[in-house]
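Please read the structure below before turning to the comments.
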2 protein chains.
Amino acid sequence: MSSVPPNSNNNPTAASAGSAAGASTNSSPTFSPLYQQIKALITKSLQSGEWKPGEMIPSEVELANRFKVSQGTVRKAIDELAAENLVMRKQGKGTFVATHHEERAQFRFLRLMPDEGVPHPGVSQFIEVKRMRAPADVARLLDLKSGDAVIFIKRVQHFDGVPTIVEEMWLPGIAFKGLTAERLEEYKGPMYGLFESEFGTRMIRATEKIRAVCAAEGDAALLNIAVHTPLLASERVSFTYGDKPVELRRGLYLTERHHYHNELN
Amino acid sequence: MSSVPPNSNNNPTAASAGSAAGASTNSSPTFSPLYQQIKALITKSLQSGEWKPGEMIPSEVELANRFKVSQGTVRKAIDELAAENLVMRKQGKGTFVATHHEERAQFRFLRLMPDEGVPHPGVSQFIEVKRMRAPADVARLLDLKSGDAVIFIKRVQHFDGVPTIVEEMWLPGIAFKGLTAERLEEYKGPMYGLFESEFGTRMIRATEKIRAVCAAEGDAALLNIAVHTPLLASERVSFTYGDKPVELRRGLYLTERHHYHNELN
DNA sequence: TAGTGGTCTAGACCACCCC
DNA sequence: GGGTGGTCTAGACCACTAA
């Protein structure tokens with residue numbers, strides 16, 4: 001295996017019906033590079049739970065042997081997974097499945113920063129947790145049918161004793177069966193950590209739309225502010241593996257002692 | 001040069017006083033990898049204007065020869081520069097210095113998107129352009145002394161005929177000497193394109209802080225809205241090479257038919 | 001056809017971590 | 001000492017672009 005011409009377009013598994021190897025008349029669909037195929041295979045293992053959040057995945061050499069490719073190819077696949085925050089490399093130790101139970105990951109999805117001092121987790125006050133049928137707009141964003149069961153959560157978050165965020169969340173009822181106010185209240189740590197550990201759903205990406213609005217009566221009362229105080233309104237959809245939407249979150253942020261921080265590159 | 005042990009910690013230029021090569025007792029400062037040094041050298045050439053925005057930089061092989069390293073090392077350096085949007089690779093053609101004169105780059109720093117339809121550039125209405133002395137807060141953010149000369153620009157941007165953004169900008173007076181209302185008005189294309197082509201300052205990164213506020217009288221008049229309408233208030237500091245701040249921009253965004261879009265990864 | 005970036009390999013050595 | 005990821009090299013071939 002050392003002096004043969006490399007890369008006869010070997011498919012590392014028997015997954016796809018391989019065809020058209022070295023021929024020059026490859027037409028449109030364009031084959032994906034080996035390392036992309038490896039990346040897809042590793043992602044599938046992550047998704048299937050073969051390696052759990054926080055655990056170490058096999059070493060590069062081991063994966064190279066398993067897939068019958070060079071270490072360099074595995075490396076490039078893992079590089080991309082690390083760039084997408086699906087895994088985390090630790091020199092000298094190994095490569096680990098990313099998890100929401102970590103300092104670093106705490107503020108990955110919450111961009112609201114205190115004007116002064118360092119970011120720190122808030123204190124949750126749950127207002128309501130219930131099962132309901134998904135309204136049309138929620139169903140559309142979560143890729144469900146209108147009327148499908150969803151879990152609804154409403155909470156207020158306090159920072160330094162100041163109520164700052166009021167948010168409503170909708171989660172698919174099937175995947176989050178058994179999520180109750182008690183479970184939420186007794187759980188210490190980030191909510192996405194709970195979802196990951198207890199419900200096997202890991203959020204890996206989100207999109208957010210932000211507007212400015214005026215506080216309505218109910219929200220003003222919860223945040224202990226005057227009606228018509230300007231607030232940031234965020235609508236966030238979070239996705240798990242396979243770009244599947246699994247959470248809709250609508251938040252109102254009080255920006256008197258906080259601001260939404262963003263880096264533009 | 002083929003069978004010698006590689007990497008005797010050769011410095012590609014005579015820049016730093018090389019020391020401590022293979023010895024095992026390297027103490028704290030930790031040497032940067034070769035490709036990082038190459039990256040720094042390429043960045044310096046970009047900054048000095050050796051290759052201008054839009055131009056092609058030398059090929060990987062050529063740079064490898066120039067720096068006396070392998071093509072793979074140059075490649076890794078350029079990979080990072082491409083990830084930071086300093087250069088753009090085009091397969092089969094070459095690697096090009098990134099520029100703000102491009103479709104792709106138009107909306108890199110403006111995250112305000114129309115609720116319906118595709119993003120498109122707005123129409124500028126310049127309200128005021130003048131030289132002034134930097135107030136303390138502006139000076140601090142631009143890394144100037146209080147009272148240093150700055151260019152002040154105020155404009156309204158219209159989308160589909162609707163005034164949507166009112167923003168104020170401050171630029172260092174020295175770097176932007178000769179920037180007048182006429183120059184701004186006659187220039188077609190993105191403002192950062194003008195700054196890049198006419199003033200040799202390329203914005204490569206920015207940070208943004210966003211809050212919700214109520215429209216004051218003056219802004220309400222400019223945007224043709226009621227006083228106290230909620231608006232997004234953005235404070236953006238843009239940086240050029242070497243993390244040097246070169247623009248402060250304070251904008252108010254009307255979010256009735258637009259929203260601020262963000263991707264969380 | 002020649003030149004560019006993109007992929008893949010194989011092997012060496014380094015830096016870091018833990019036993 | 002032995003394992004992990006990180007760097008660096010050298011050389012082959014592929015895919016795309018332009019003359």
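Source: prediction; values computed, not measured. Letters A, B, ... are given to chains in the order of the sequence lines, protein chains preceding strands, and every chain is numbered from 1.
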Practice prompt. Just jot down the salt bridge (charged side-chain N to carboxylate O under 4.0 Å, His left out) partners of A/Glu263, sequence neighbours excluded, or say none.
Written response: B/Arg205

Worksheet item: Choosing from C/dT9, C/dT7, D/dC8, which nucleotide comes nearest the side chain of A/Thr73?
Response: C/dT9

Worksheet item: Got a sec, which residues hit salt bridge (charged side-chain N to carboxylate O under 4.0 Å, His left out) with B/Glu60, two or more places apart in sequence or on another chain?
Response: B/Arg75, B/Arg89

Item to complete: Could you tell me which residues satisfy ring pair (Phe, Tyr, Trp, His ring centres under 6.0 Å) with A/His258, sequence neighbours excluded, listed by chain and number?
Response: A/Phe159

Discussion item. I'd like to check the side-chain hydrogen bond (donor to acceptor under 3.5 Å, both in side chains) partners of B/Glu186; sequence neighbours left out, ordered by chain and number.
Written reply: none

Item to complete: Give, ordered by number, those residues of residues 78-87 of chain B having at least one heavy-atom distance below 4.0 Å to an atom of DNA chain C; if nothing qualifies, reply none.
Response: none

Worksheet item: Roughly, in whole Å, what's the span from CG in B/Leu34 to P in C/dC13?
Response: 17 Å

Item to complete: For A/Glu55, check salt bridge (charged side-chain N to carboxylate O under 4.0 Å, His left out) against everything at least two apart and list the hits.
Response: none

Discussion item. Short of 4.0 Å, heavy atom to strand atom, which residues of residues 89-98 of chain B count as contacting DNA chain C?
Written reply: B/Arg89, B/Lys90, B/Gln91, B/Gly92, B/Lys93, B/Gly94, B/Thr95

Discussion item. Going by the rule side-chain hydrogen bond (donor to acceptor under 3.5 Å, both in side chains), which residues pair with B/Thr201 if we only count those two or more places apart in sequence or in a different chain?
Written reply: none

Practice prompt. For B/Lys68 and D/dC8, give me the distance from atom NZ to atom C1', rounded to whole Å.
Written response: 17 Å

Worksheet item: Under the side-chain hydrogen bond (donor to acceptor under 3.5 Å, both in side chains) test, which residues partner B/Ser45, sequence neighbours left out?
Response: B/Glu50

Item to complete: Give me the residues of residues 52-64 of chain A where at least one heavy atom lies under 4.0 Å from an atom of DNA chain C, by number, or none.
Response: none

Worksheet entry | Contact list for residues 93-109 of chain A, test salt bridge (Lys or Arg N to Asp or Glu O under 4.0 Å), sequence neighbours left out | A/Glu102-A/Arg104

Worksheet item: Rounding to a whole Å, what distance do you find between B/Gln71:CD and D/dC13:C1'?
Response: 13 Å

Item to complete: Using atom OH of A/Tyr35 as one end and atom C1' of C/dT7 as the other, report the distance to the nearest whole Å.
Response: 8 Å

Worksheet item: Donor-acceptor pair, A/Glu196 side chain versus A/His100 backbone, under 3.5 Å?
Response: yes

Response to the item:
Here the distance between atom C1' of C/dG6 and atom CZ of A/Arg75, to the nearest Å, is 18 Å

Discussion item. Which residues pass the ring pair (Phe, Tyr, Trp, His ring centres under 6.0 Å) test with A/Phe176, not counting sequence neighbours?
Written reply: A/Phe195, A/Phe199

Worksheet item: Could you state the NZ-P distance from A/Lys76 to C/dC8, rounded to the nearest angstrom?
Response: 8 Å

Item to complete: Assess whether side-chain contact (heavy atoms from CB on, under 4.5 Å) is satisfied between A/Tyr192 and A/Glu247, documenting all intermediate values.
Response: CA-CA 10 Å; A/Tyr192 285 164; A/Glu247 185 202 56; 2.5 Å; yes

Worksheet item: Quick one: B/Asn65 CG to D/dA10 P, roughly how many Å, whole number?
Response: 11 Å

